[in-house]
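See below for the structure under consideration.
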Amino acid sequence: GTSISYFDVGGQFAKDLEAEGSEASIDFIKDQYAPKSGTFVVFENNHDRRCLVHLGSRILQAEAFNDEFSSLGGVYYGEMTGTKFRRLEDRVNPSNAELKTPRPQRLKKVPLTFADDVLALFPYPGLRYDQFHDLVDNKKIKAVVHGMHHSGTATVRKEEESPYCLAQFIERCAKSGIPVYSCPSREKLMVEKYITSHDLLDAGIRPIENISMPAALTKIMLAYGNFEHQNEIDYFLKEEINFEFVDFRRAGYGKHRRNR
């Protein structure tokens with residue numbers, strides 16, 4: 001958390017910075033209804049020229065083909081209309097009062113260290129886990145962050161010693177004391193609907209719920225770079241630092257349409 005507003009302003013080209021974000025950021029700061037603390041990204045879309053405001057902890061990587069950003073769940077924080085800021089009234093967006101509330105400051109070490117021995121994997125057909133056995137068996141990594149399919153699942157094969165089975169890889173990591181985290185992951189209630197998810201949970205996977213993959217990976221790299229004890233790491237990963245967690249189901253989002 002931060003007691004001041006921090007803005008990240010970007011453009012496709014250096015000459016576009018003024019047009020695409022810097023003026024809008026200044027207007028955002030000056031607007032009496034805009035929050036005065038937090039981390040924000042201001043960017044003007046190409047296709048409709050809308051200048052959206054994203055929470056820094058929820059923004060996703062820009063699309064390669066339209067050069068536009070989005071936020072977790074498709075819910076951005078607000079929009080600049082002319083020189084005025086308009087907050088998107090959505091139950092998952094924090095209020096100004098919530099943004100002003102002091103956030104946990106567990107990371108007091110300066111400078112912060114990002115662990116470079118965290119392995120990030122993404123599921124795809126044919127992913128062989130045996131190519132990472134050396135890293136695991138010789139403890140060259142501290143943790144694994146594994147992306148999930150939309151359903152919160154990954155490949156689980158029952159045959160003996162399958163190089164494609166994530167559950168077996170998790171068990172191998174456990175023997176070396178290396179935790180395997182899954183993200184993105186829905187609430188445990190949703191995850192447990194799938195048999196393959198049961199197999200992964202039984203193997204010892206650690207779901208990080210209701211957070212984007214970029215935010216989860218960042219937190220894990222910070223956790224393993226700045227804390228020594230596993231209980232400190234576990235506490236930090238569960239603790240909300242800057243509104244990075246978004247519980248869409250608890251906020252009333254249905255299966256087929258959002259309720260705003």
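This one's a predicted model, so the numbers in the text were calculated from it and none came from an experiment. Heavy-atom basis, side chains included; hydrogens, waters and symmetry copies ignored. For reference, positions follow the sequence shown, starting with 1.
- Contact check for F85 versus P35: side-chain heavy atoms found under the 4.5 Å cut-off.
- Residues K219 and E244 are paired through a salt bridge, judged by an N-O separation under 4.0 Å between the basic side chain and the carboxylate.
- Counting only heavy atoms from C-beta outward, the side chains of L52 and N45 approach each other to under 4.5 Å.
- Rounding to the nearest 0.5 Å gives a distance of 10.5 Å between CG of D130 and CD of Q168.
- Contact of the Y224 side chain with the P179 side chain is registered, since non-hydrogen atoms from C-beta on lie closer than 4.5 Å.
- One finds no salt bridge joining E44 and R50 here, because no Lys/Arg side-chain nitrogen approaches an Asp/Glu carboxylate oxygen to under 4.0 Å.
- In this structure the side chain of N93 never reaches within 4.5 angstrom of the side chain of Y76, judged on heavy atoms.
- If you take OG on S162 and CZ on F169, they are separated by 13.0 Å, rounding to the nearest 0.5 Å.
- A salt bridge links K140 with D134: the distance from a Lys NZ or Arg NE/NH1/NH2 to an Asp or Glu carboxylate oxygen falls below 4.0 Å.
- Ring-plane geometry between Y77 and F40 is classed as tilted, the angle between the planes lying from 30 to 60 degrees on a 0 to 90 degree scale.
- Contact check for L121 versus F132: side-chain heavy atoms found under the 4.5 Å cut-off.
- Taking hydrophobic clusters as Ile, Leu, Val, Met, Phe, Trp and Tyr residues chained together by side-chain heavy-atom distances below 4.5 Å, L60 does not share a cluster with F122.
- Using modelled atom types, one side-chain atom of E68 and one backbone atom of H47 make a donor-acceptor pair closer than 3.5 Å.
- The environment of CD in Q131 is crowded: more than 12 heavy-atom neighbours from other residues, nucleotides or ligands sit within 6.0 Å.
- Using a 4.5 Å heavy-atom cutoff, the side chains of K142 and I178 are not in contact.
- Note that the OH atom of Y164 and the OG1 atom of T155 stand 10.5 Å from one another [nearest 0.5 Å].
- Side-chain contact check for H146 and S182: no donor-acceptor pair (N or O, by modelled atom type) lies under 3.5 Å.
- In this structure, CD1 in I233 is found 8.5 Å from CZ in F227, a value given to the nearest 0.5 Å.
- Side-chain atoms of N226 come within 3.5 Å of backbone N or O of T113 as a donor-acceptor pair.
- Side-chain atoms of L166 and M148, non-hydrogen and from C-beta on, do get closer than 4.5 Å to each other.
- Not a single donor-acceptor pair under 3.5 Å links the side chain of S71 to the backbone N or O of G74.
- Under the 30°/60° scheme for interplanar angles, the aromatic rings of F69 and F43 are found to stand perpendicular.
- D199 contributes atom CG, which lies 8.0 Å from atom SG of C165 (distance to the nearest 0.5 angstrom).
- Rounded to the nearest 0.5 Å, atoms CG (D27) and OG1 (T81) are 11.0 Å apart.
- With hydrogens and angles ignored, the 3.5 Å screen pairs a side-chain donor or acceptor of S57 with a backbone N or O of N242.
- D137 and R172 are joined by a salt bridge, as a carboxylate oxygen and a charged side-chain nitrogen come within less than 4.0 angstrom of each other.
- The closest side-chain heavy-atom distance from V92 to R58 is below 4.5 Å.
- Using a 4.0 Å cut-off between a side-chain N of Lys or Arg and a carboxylate O of Asp or Glu, R87 and E89 qualify as a salt bridge.
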